[in-house]
Every structure is written in C-alpha cells, then in structure tokens.
Amino acid sequence: MLMGKGTLNYDSAVELSNGLPSKQGLNVVEKHFSKGTAEPSTVYIKTDHRLDNQVSMAEIDRITRQLKQRDDVETVASLTQPAGMSINQFYITDQLNGLNRGLSQAQQGIQRSQTTANQQGFNQAQLAAIGTSAQSIGERLQRIQQTSGQTNVSGQQILGGIQQRATSVGAPLNAAQLQVIAGTLQQLQAQQSGVTNELNGIASDTQSIGNNLQATVSQLKALQQQAEQAKQGLGQLDSGLGQASQYLTGLQNSAIGANTFYLPAQLLTDPKLKPAFDNYLSEDRKATRLVIVLKSDPSSEAAMKSANQIRNQIQQNLKGTKLDHATVAMNGQSALISDTQASASNDFFRTSVIMLIGILIALMFVTKSILQPLFIEGTLLLAYLSSLTLARLFSSLFLGQTMLTWNTPFFSFIMIIALGVDYSIFLMRRYQEVDQGDEPAVKIVAASKFIGVVVLSAAVILGGTFAALIPSGVLTLIQVAIAVIIGLLILVLILPVILPAAIKLTYSQGDSIDSAKK
C-alpha cells in the first residue's frame, strides 16, 4: 500500500496534550465559537497616501463587504466595521432613509398648510358691505348737516315773528320779555351750532371709515389672490417633494444605496471615531488592517486555500481603484501555514532530489553498475512510501490523528533512505567479496545471508532507539518513530528478497560481473 501524495497536518496545536491549559482553552473556543476565532487572520494594506478619507474608506468598506460574502468567512472587522458589523449610519441607504423621513414630514406640513388655508378663507363681501354702509351713513349725516344749515334762522327774525304774533292777539311783549326770549334764542342757537359741528365730525369720521374699509377690501382681494398663488405653489412643491421622495426611495432600495459607504467630512474629525482609527490604521494613517475569522480550522488545508484566495481576491479587487498600487500582506495561522506548506514542499522536493542523485552516484561507484543503483533506490522509495502509509494508518487507529504532521515525511525520508542506503552498501560490498563461483545470483544470496544478521541487529537496535521517542507525547516525534520502525522492518524483509531478484535481472545466467563490465 502506497501513500502517494497525502494531506499533511500543519496544526502546531496537535503537538500538545489535551491536558495542557492552553490546549484546553483552545478546545473550549473551538467548541463554542467558530474554529477560526482563536486564531484569526489579518490582512494588511499599505499605501503611499493617507487612508483616513472618504474615498479610501469606501474602498476598504467595499473589500470588507466582499470578504464577508464568502462562504468560508465567519466575520470581518475593519476600519469601517470595527465590531465586524456594518454601521448603518455610514451608508447611503440609512442616510436616504433619514432624508425621506424629513421630506415626508415636509409634505405633511405643506398639506396641513393647504388644508388650513382652505378652511380659513375670509368673506370679502361682508367687509365691502360694511364699508358701503359706513359711507352711506356719512353721506346721510352730511345731508342732515347741510339741511340744518340751510334752515338756520337768525334770532332777530324769530324774535320779530313772536312780537308780530303777540301784537296780533292784542298782547304785545314788553322789552323785558323780548330780552328774555332773545337770550333763550341765543342759547338755543349756540347749542344747535355745537350739534351741527358734532354731526360734521361724525359724518367725516364715518366717511373715513367707509373709505378705509373699501381700501382694506382691495388689499384683502390682492392678498387673497396672492394666497391662491401660494396655494398653487404649495401644491407644486408637494408634488415635487413626492417625486423626489419616490426617487430617493428607489435609490435607497437599490444595490447602490445599500452598498455605498459615505462618511461626511465633518464626521472624519469626530472624536468617537478616533478609537477605530487608532486600532485599524497605522500611526501615519497610510496602512490599515482587516481581521478575518474563518469558519474552518485555521490549520486545515481548507483554511490555507482560503487564505491564498483571500489574498489574491483583495489584490484583484484593488486594481483600478485609488488603492491600486497598495501592498497587500496576510498574517495569521492560515497564512503562516500556507507559506510553510509551500516552503516545506519546495525544500523537501529539492532536498530529496539532491539526496537521491547523490546516493545514485555513490551507489554507481560502489556497485560498478547503472541498473543496480536504480533498483536499490526504487526499493528504498518503496519502503519509504509504505512506511508513511502504515504510519498514517497506525496514527489514525491508535492516536486519533488521521493525518501525519507536515514534517514527519521529511524526517522519515532522511532516516529511512539513509539507513537503507547503508544496508544496501553493506550488502553490495559483501556481494563483491563473496567468492562462490561466477553466478551473481548465488553470490548475492550468500551475501544476503551473511549481512542479514548485521542488518537485522542494526534494525532492532535503531528500532528500539526510535521507539523511545513514542512516550514523548509530541505527535511529530511519535509519527517519525513509527514510520522509521516500520521502514526498518520493511527494509529487513524486502532487501534480501528484491536485491537478489534485481541481480538476477541485471546479469544473464552464467555471466560474471567482469564479463558484464566488458
């Protein structure tokens, strides 16, 4: 059974025992919260200009919302969403909602004004009738005054008429009587003159009242016309506000209104935003960070894949914006493990290639053959892959770990290949020293019998040495020990079997090594 390319475990926490306080705390967090809560990832965006402005913050918010829409992301906290949640007041949809409420109140006020204006109309006909009546009263008083002026008779005429009447009846008035009557007449004339003056004043005042009322009526007519025009203007304003409200409501409910971040300039200096600026912006305000909590285990392969995708997504989404040339970097367990995986994979491949080429060249000098080193290395690789597969199975059954740690294959490769090469060199050197005829198959069998005891002894001693690593409690050491022990057992079993067969295939029956070299 060959392992081939398997999934490795890059979680450093698996190296710790569940009895340790730090591991227990981590298990509690993963049980009650998202697995990524304990080890969030942080994305850093660095630019050559300040980010505490409307345009840059809108871009940061757009990136934040795009990351929150990913299925593998639990929460995202950033400069515009410090608590991992959107602040509604910073979005156009909420601002439009407040504006619509104001427009609605304005419309209601206009409608109430229109209703009040309709209910409080005045009857100008009544005021006109009052003015006409006042003018009529004044005219009548003036006529009375004129009539009284026309009928005014002097006192002497009245006194002469009285004397004629008295004389005609034979009782002429004497001088004393005439004097009394003349005094009385003078008093009556004086009183009549006062009444006439009062009537003149009343007539004048009444006439003025009438004229003023007529002028007031004219002014009220003009005001009423202006009020009608104002009512028409209010109606047009109400209609315009209604259309504006419909447009703003449509904009509010659209994707543009819901997703557009807008922070008024006066709020940029608000002291309430300073903690968010200090927490998510650098001191020079030219770099910001986004804290991302993944849904999956930060040390899992899915989290590593998500970290790479998130980093690439941010870089792509910043193109063509004000943050186009910004530097994007990612930190955290997932990003660290992703970089470790890439680095370890490249290093392992490079190291294994160099090691195998070097061993192949060394074996060529030892065996004085080309095919035999290839058979030997193939045997060693078979033993290595088989040991990893069996070690993974053992770890799954007895340790509860379905994956090998990321550095187990590397250390196991070095130990198994190095030990296998030593055993192979011992065997081939003994093969060259055996002198039992010219048949290579007979010689390799004899060499295997002789060297088998040495190889078996060494395998037992080394196996016991590596077995001492198992009680350490460190998963990597345990898995490396198991893989090496299994690899040694496989080498002890297959080297004596495969190498004779390889020698048999390398040389024809009856050929000697010397003839083969010729």
Side-chain angles (χ1 to χ4, degrees), residues 3-17 20 22-23 25-27 29-30 34-46 67 70 72-74 289-315 327-356 384-385 387-389 391-392 395-396 399-417 469 472-484:
M3 177 181 176
K5 184 179 179 181
T7 301
L8 300 177
N9 191 346
Y10 288 82
D11 186 4
S12 58
V14 299
E15 304 285 358
L16 303 177
S17 171
L20 296 176
S22 59
K23 186 65 175 294
L26 180 62
N27 292 336
V29 173
E30 291 182 351
S34 168
K35 290 186 176 181
T37 302
E39 297 172 315
S41 299
T42 304
V43 175
Y44 296 94
I45 302 176
K46 185 180 183 302
L67 293 178
R70 292 178 59 94
D72 53 358
V73 172
E74 182 72 21
R289 67 188 183 101
L290 291 82
V291 180
I292 304 171
V293 176
L294 300 176
K295 292 182 179 179
S296 58
D297 185 352
S299 302
S300 64
E301 185 178 10
M304 290 186 284
K305 184 178 179 181
S306 297
N308 292 328
Q309 291 177 347
I310 288 173
R311 181 163 43 199
N312 294 334
Q313 176 181 340
I314 294 176
Q315 290 174 339
T327 301
V328 179
M330 193 169 187
N331 188 22
Q333 182 74 358
S334 301
L336 179 62
I337 289 178
S338 177
D339 294 339
T340 301
Q341 181 190 40
S343 178
S345 299
N346 294 332
D347 292 344
F348 183 33
F349 177 78
R350 183 169 53 252
T351 301
S352 61
V353 169
I354 294 173
M355 188 173 176
L356 290 175
Y384 165 70
L385 295 175
S387 65
L388 285 186
T389 301
R392 180 175 178 272
S395 178
S396 177
L399 302 179
Q401 297 293 332
T402 59
M403 294 183 293
L404 298 177
T405 59
W406 66 274
N407 44 12
T408 296
F410 180 78
F411 293 126
S412 301
F413 178 82
I414 294 176
M415 297 305 300
I416 294 174
I417 298 299
L469 298 176
S472 65
V474 179
L475 184 60
T476 297
L477 297 180
I478 296 174
Q479 291 181 344
V480 169
I482 294 173
V484 172

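Only heavy atoms go into these numbers, but all of them, side chains included; no hydrogens, no water, no symmetry mates.
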For Pro298 against Glu39, the heavy-atom pair lying closest together: CG-O, 3.6 Å
Please give me the minimum heavy-atom distance between Val480 and Phe411, naming the atom from each residue. CG2-CB, 4.0 Å
Hey, what do you get for [atom1] ([X]) to [atom2] ([Y]), rounding to the nearest 0.5 Å?
X	Y	atom1	atom2	value
Ser296	Met304	OG	CE	10.0 Å
Ser306	Arg311	OG	CZ	12.0 Å
Leu294	Ser334	CG	OG	5.0 Å
Leu388	Phe413	CG	CZ	10.5 Å
Ile416	Ser387	CD1	OG	3.0 Å
Ser412	Asn407	OG	CG	9.0 Å

Any side-chain donor-acceptor pair under 3.5 Å between [X] and [Y]?
X	Y	value
Arg392	Gln479	no
Ser338	Asn308	yes
Thr408	Thr405	yes

Might you confirm whether atom CD of Gln341 has over 12 heavy atoms from other residues, nucleotides or ligands at distances under 6.0 Å? yes
Can any side-chain N or O of [X] pair as donor or acceptor with the backbone N or O of [Y] at less than 3.5 Å?
X	Y	answer
Ser352	Phe349	yes
Ser343	Asp339	no
Ser472	Leu469	yes
Tyr384	Pro409	yes
Thr389	Leu385	yes

Would a 4.5 Å heavy-atom cut-off, applied to side chains only, mark [X] and [Y] as touching?
X	Y	value
Val353	Met355	no
Gln401	Leu475	yes
Ser41	Gln333	no
Val293	Val73	no
Phe348	Asn346	no
Lys295	Asp72	no

Between Ile314 and Ile45, does the side chain to side chain contact (heavy atoms under 4.5 Å, CB included) criterion hold? Intermediate values first, please. CA-CA 9 Å; Ile314 294 176; Ile45 302 176; 4.2 Å; yes
Among Leu67, Leu290, Val328, the one residue meeting side chain to side chain contact (heavy atoms under 4.5 Å, CB included) with Ile310: Leu67
